[in-house]
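Working notes for the structure below.
Just so you know, residue 1 is the first one in the sequence shown, and it goes up from there. Atoms within a ligand are numbered from 1 in the order they appear, just like the ligands themselves. This structure is a prediction, so every number in the text was calculated from the model and none was measured.
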Amino acid sequence: MTYTESALAQTKALRQKDRVRILALETSCDETAASIVENGRTIVSNIVFSQIDLHALYGGVVPEIASRAHVEACDRVVDEALRAAGMTLQDVDALAVTHGPGLVGALLTGVSCMKGLAYAANKPLIAVNHIEGHVSANYISNPDLKPSFVCLVVSGGHSHIVRVEDYGVYTLLGQTTDDAAGEAFDKAARVLTLPYPGGPRIDALAEEGNPHFLPLPHPHVPGRYDYSFSGMKTAFLNAANKLEMKGEPLPKADMAASFRHAVVSSLVEKAILAAKETHAPALAMAGGVSANRLLRRMMQEEADKAGIPLYMPNLNLCTDNAAMIASAAYYRLMRGETAALTLNATPALRLV
Ligand code: KG4
Ligand code: ZN
């Protein structure tokens, strides 16, 4: 039997199996992560190797350094995930890997590693969209959450409002017309000379600051559920330059708090509006920025006021990890969607 025939037969059988355990690998950006998740909902093991220290010196992710670090780390994180689960590769039912969006070299490392393992172990392989992974982190943290719901996806490259119609079925409601929220946080952090990664630093500093110190413009956008962060970013940069020209020290905490407040207010306002107007049964959040403390607090307050149940991933599942990839993979496997060994990286892969 060829690999393809065997994978097809196994996939058919797995759709009837009670306990399906998937080993996933995530290497789309600067985290090398491997995880085993049962039935898309329960973490058996979850290993994340962060490359932050390797990139901090350069103030951001250096793609070539990321690829090399993934090559060195991917075997190790896979071994650790198996060891932590007390399993061997043969105990796993299927393998999964992120194939986009992300840095091409980084993605290729993971895709090649998992194609090799899938062929060697003769297991089905599932290709997962990284953003679908972020959405699926909600299925792990909230065992009762089922589609349909509206989801705010906010990461380094995305600020989207989507409707999750069913597992793996998405409709776009709105998106940013310029920067992503995470990108805006990272750029503002650079203005305040905070080290990479900027988002969490701004968030921590903002807890001590006055959010009304700096008035920032409210964006004008074409769509009812669209975002724009470039105007805020420019106003923020101009204010910092003015203070510097006057020789005044930057009130970093107040500036961080003002910027965070402007970005988060906008995120919350549109997400709640979209959920209300589309009569969503629930609202969820996903992506690195959903770890933002003010976003979590403000969204909870507004969702409570609107009477909409709110779901979010646990903090450790907001940023990049492989458990979310294994969760998304489970629902793809249940639909019979497996990848061929010709699978390639797709750096600009879209969710919708
Ligand atoms: O989802 P993620 O880990 O990677 C991508 O898929 O892009 O998101 C990373 C982004 C970065 O821009 C980072 O600064 C931002 O999420 N981020 C935060 C926080 N934690 C991570 N932004 C604001 N507040 C945070 N607490
Ligand atoms: Zn991510």
Side-chain angles (χ1 to χ4, degrees), residues 24-33 35 48-52 55-56 59-61 63 66 70 97-103 106-107 110 128-138 151-160 176 179-192 194-207 209 211 227 229 232-233 256-268 284-299 312-325 327-328 347-351:
L25 178 66
E26 153 64 40
T27 66
S28 67
C29 190
D30 58 347
E31 254 99 32
T32 321
S35 172
V48 181
F49 167 67
S50 170
Q51 301 180 4
I52 284 179
H55 302 287
V61 180
H70 286 307
V97 67
T98 307
H99 70 122
L103 303 168
L107 289 165
V128 175
N129 178 314
H130 179 80
I131 300 302
E132 177 164 45
H134 275 301
V135 173
S136 306
N138 282 289
C151 189
L152 171 68
V153 183
V154 269
S155 69
H158 287 75
S159 293
H160 283 30
T176 181
D179 290 350
E183 194 182 353
F185 273 120
D186 293 339
K187 286 179 182 168
R190 227 166 283 155
V191 173
L192 299 181
L194 301 175
Y196 155 86
R201 308 271 183 174
I202 289 238
D203 192 18
L205 199 57
E207 292 287 299
Y227 292 116
F229 299 109
M232 280 177 207
K233 188 189 62 190
S258 302
F259 191 76
R260 181 179 74 162
H261 187 263
V263 171
V264 167
S265 306
S266 174
L267 289 175
V268 171
M285 301 201 289
V289 181
S290 63
N292 188 275
R293 297 174 223 190
L294 182 66
L295 178 61
R296 293 170 86 92
R297 292 197 294 263
M298 210 189 256
M299 194 72 93
M312 41 192 146
N314 291 348
L315 280 179
N316 68 323
L317 296 180
C318 287
T319 44
D320 290 350
N321 63 86
M324 67 185 198
I325 304 301
S327 172
L349 185 66
R350 296 176 62 94
L351 181 70

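Under a 3.5 Å cut-off, the side chain of S159 and the backbone N or O of A181 do form a donor-acceptor pair. Without hydrogens or angle criteria, S265 side chain to H261 main chain gives a donor-acceptor distance under 3.5 Å. Side-chain atoms of H70 do not come within 3.5 Å of backbone N or O of S28 as any donor-acceptor pair. Remark: the backbone N or O of R350 is paired with a side-chain donor or acceptor of N129 at under 3.5 angstrom. Proximity of a side-chain donor or acceptor of N314 to a complementary backbone N or O of N316 within less than 3.5 Å is not detected.
Minimum interatomic distance between D320 and V48 (heavy atoms only, all atoms of both residues): O-CG1, 4.1 Å. The two residues G156 and A180 have their closest heavy-atom pair at O-CB, 3.5 Å.
Ring orientation note: the planes of F229 and Y227 are close to parallel, at an angle under 30° on the 30°/60° scale.
In this structure, ligand 1 sits under 4.0 Å from heavy atoms belonging to H130, H134, S155, G156, G157, G182, F185, D186, G199, P200, D203, G287, G288, V289, A291, N292, T319, D320.
Of all protein N/O/S atoms, those lying under 2.8 Å from the Zn ion (ligand 2) come to 3.
A 6.0 Å sphere centred on CZ of R297 holds more than 12 heavy atoms belonging to other residues, nucleotides or ligands.
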